[in-house]
Amino acid sequence: MTETLFTNIAQLVTPAPGPQCGAAMRELTVIENAALLVRDGLIVWVGAKKEAPFTPETHDLGGVAVVPGLIDPHTHAVWAGNRLADFEARVAGVPYETILAAGGGIRSSIAATAAATVNQLVALARPRLVALRQSGATTIEVKSGYGMDFDAEVRMLRAAQVLDREFELSPTLLIHVPPTENREDYVRGVCETLIPQVAAETLATAVDVFCEAEAFSVEETRRIFVTAQTHSLRVKVHADQFHAIGGTELACGMNALSVDHLEASGPAQIAALAASGTVATILPGVTLHLGLPAGPGRALIDAGAAVALGTDLNPGSSPVFSMQMALALAVRLNGLTPAEALTAATVNAAAALGLSDRGSLSAGMRADFLALHGPDWRELPYTLGTNPVRDVFVGGVKR
């Protein structure tokens, strides 16, 4: 047994355990002059330092603020190639359709990723995950989706499996881009071959589908969801990024973990999420990078939904390598208060991954927490351009 009392915490700030909905997202516990007792990677006691139980092993945190480790519930951190030429063309006003026709866009990422080995993908993804962890992300979701052909999708998930030895990852099989030909054969293959293989080899915990006018239809998404659930995989969906075609309503009706993006969501989609147990995940990096309308974070919370947020780290639409930056952007672009943003990036992000053992500094939870540089936790959503996170602890161990 290992036991450590973390002391000299100027301010310990945490949401309650479990997903928080609506106004409850603003309710944080704030303990001044706090201490935190960790035993074998779990929190066993939290409270005022003067009331702390005795233990011979102590760790002085230096009078700074402590918050739960952030959880990034939406990344595409495994990819090969780059989209720098696309970026330069787009800011010069070249339409995306022209970029695609010239061999760029998402299909260039697909081609580069499909040509990479597992070892190459691991080497490329590792520094991205290091950056996310340094920004405060103690759990990170990683999707496939840039492979398209099934062997490449599996290689992406195998890369995530290797990296899970170094990072706390939550792997997701993403059905991302439909082929230009033989679409029905592709969907059938996803259901009859790819999902069964991924489930049998325990390569993912969830299946995500991009349900959009330019991607997979609601009916195709439903077929894929049914297959995933038959194989004991949870489901989630990219929906309402450009058009609200019914993906959100489908996900809520099928008990999906989350609906992600939501930039095009309207009152009907907001109401569906608020009435469901499905988490609404907003991705402010896309708004910043592409200039899309911001996901309706304020309206979702006011309606009573559980809102999470993520980086959507990817090469094309959100090159955001910092979960702290995503949290800060959610306050500025999506209308969240600082307290709501912290809840969205911790317990609600955990719920978006189907995890209930992290995101709150409460007895029985994983000892994943951040020591900031200063004594006030609000530096976390306030800071831009430098990192307010001094130390990252995962299971009570400094990383």
- Item | Distance-only side-chain donor-acceptor flag, Asn348 / Thr343, under 3.5 Å |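 There is no such pair between these side chains.
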- Verify whether one side chain among Glu27 and Gln20 offers a donor that lies under 3.5 Å from an acceptor in the other.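 The criterion, which ignores hydrogens and geometry beyond distance, is not satisfied for Gln20 and Glu27.
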- Query: Does a sphere of radius 6.0 Å around CD in Glu214 hold more than 12 heavy atoms from other residues, nucleotides or ligands, not counting ones at 6.0 Å or beyond?
  - Reply: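 Above 12, so yes.
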- Task: Please say whether the positively charged group of Arg128, taken as NZ for Lys or CZ for Arg, lies over the ring of Trp79, i.e. under 6.0 angstrom from the six-membered ring centre and within 45 degrees of the axis.
- Result: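 Yes, cation above the ring, under 6.0 Å and within 45°.
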- Does any non-hydrogen side-chain atom of Lys143 lie less than 4.5 Å from one of Val78?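 No, their side chains stay 4.5 Å or more apart.
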- Using the benzene-type ring in the case of Trp, are the ring centres of Phe242 and His261 under 6.0 Å apart?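 Ring-ring flag for Phe242/His261: false, centres at least 6.0 Å apart.
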- Query: What do you reckon, are the aromatic ring centroids of Phe216 and His238 less than 6.0 Å apart?
  - Reply: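 Here the rings of His238 and Phe216 have centres that are no less than 6.0 Å from each other.
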- Task: Say whether, by atom type as modelled, one donor and one acceptor occur between the side chain of Ser258 and the main chain of Val279 under 3.5 angstrom.
- Result: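 Checking the backbone N and O of Val279 against the side chain of Ser258, no donor-acceptor pair under 3.5 Å is found.
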- Atom pair SG (Cys211) and CD1 (Ile224), whose distance is rounded to the nearest 0.5 Å: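 Going from SG on Cys211 over to CD1 on Ile224, the span is 9.5 Å.
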- Item | Pairing of Asp302 and Arg298 as salt bridge, 4.0 angstrom limit |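 Between Arg298 and Asp302 there is a salt bridge, with a charged N closer than 4.0 Å to a carboxylate O.
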- Message: Applying side chain to side chain donor-acceptor pair (under 3.5 Å), can you list everything that pairs with Lys398, at least two apart in sequence or on another chain?
- Response: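 Side chain to side chain donor-acceptor pair (under 3.5 Å) list for Lys398, sorted by chain: Asp391.
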- Only counting residues at least two apart or in another chain, list the ones meeting side chain to side chain donor-acceptor pair (under 3.5 Å) with Glu192.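 If we apply the side chain to side chain donor-acceptor pair (under 3.5 Å) test to Glu192, skipping adjacent residues, there are no hits.
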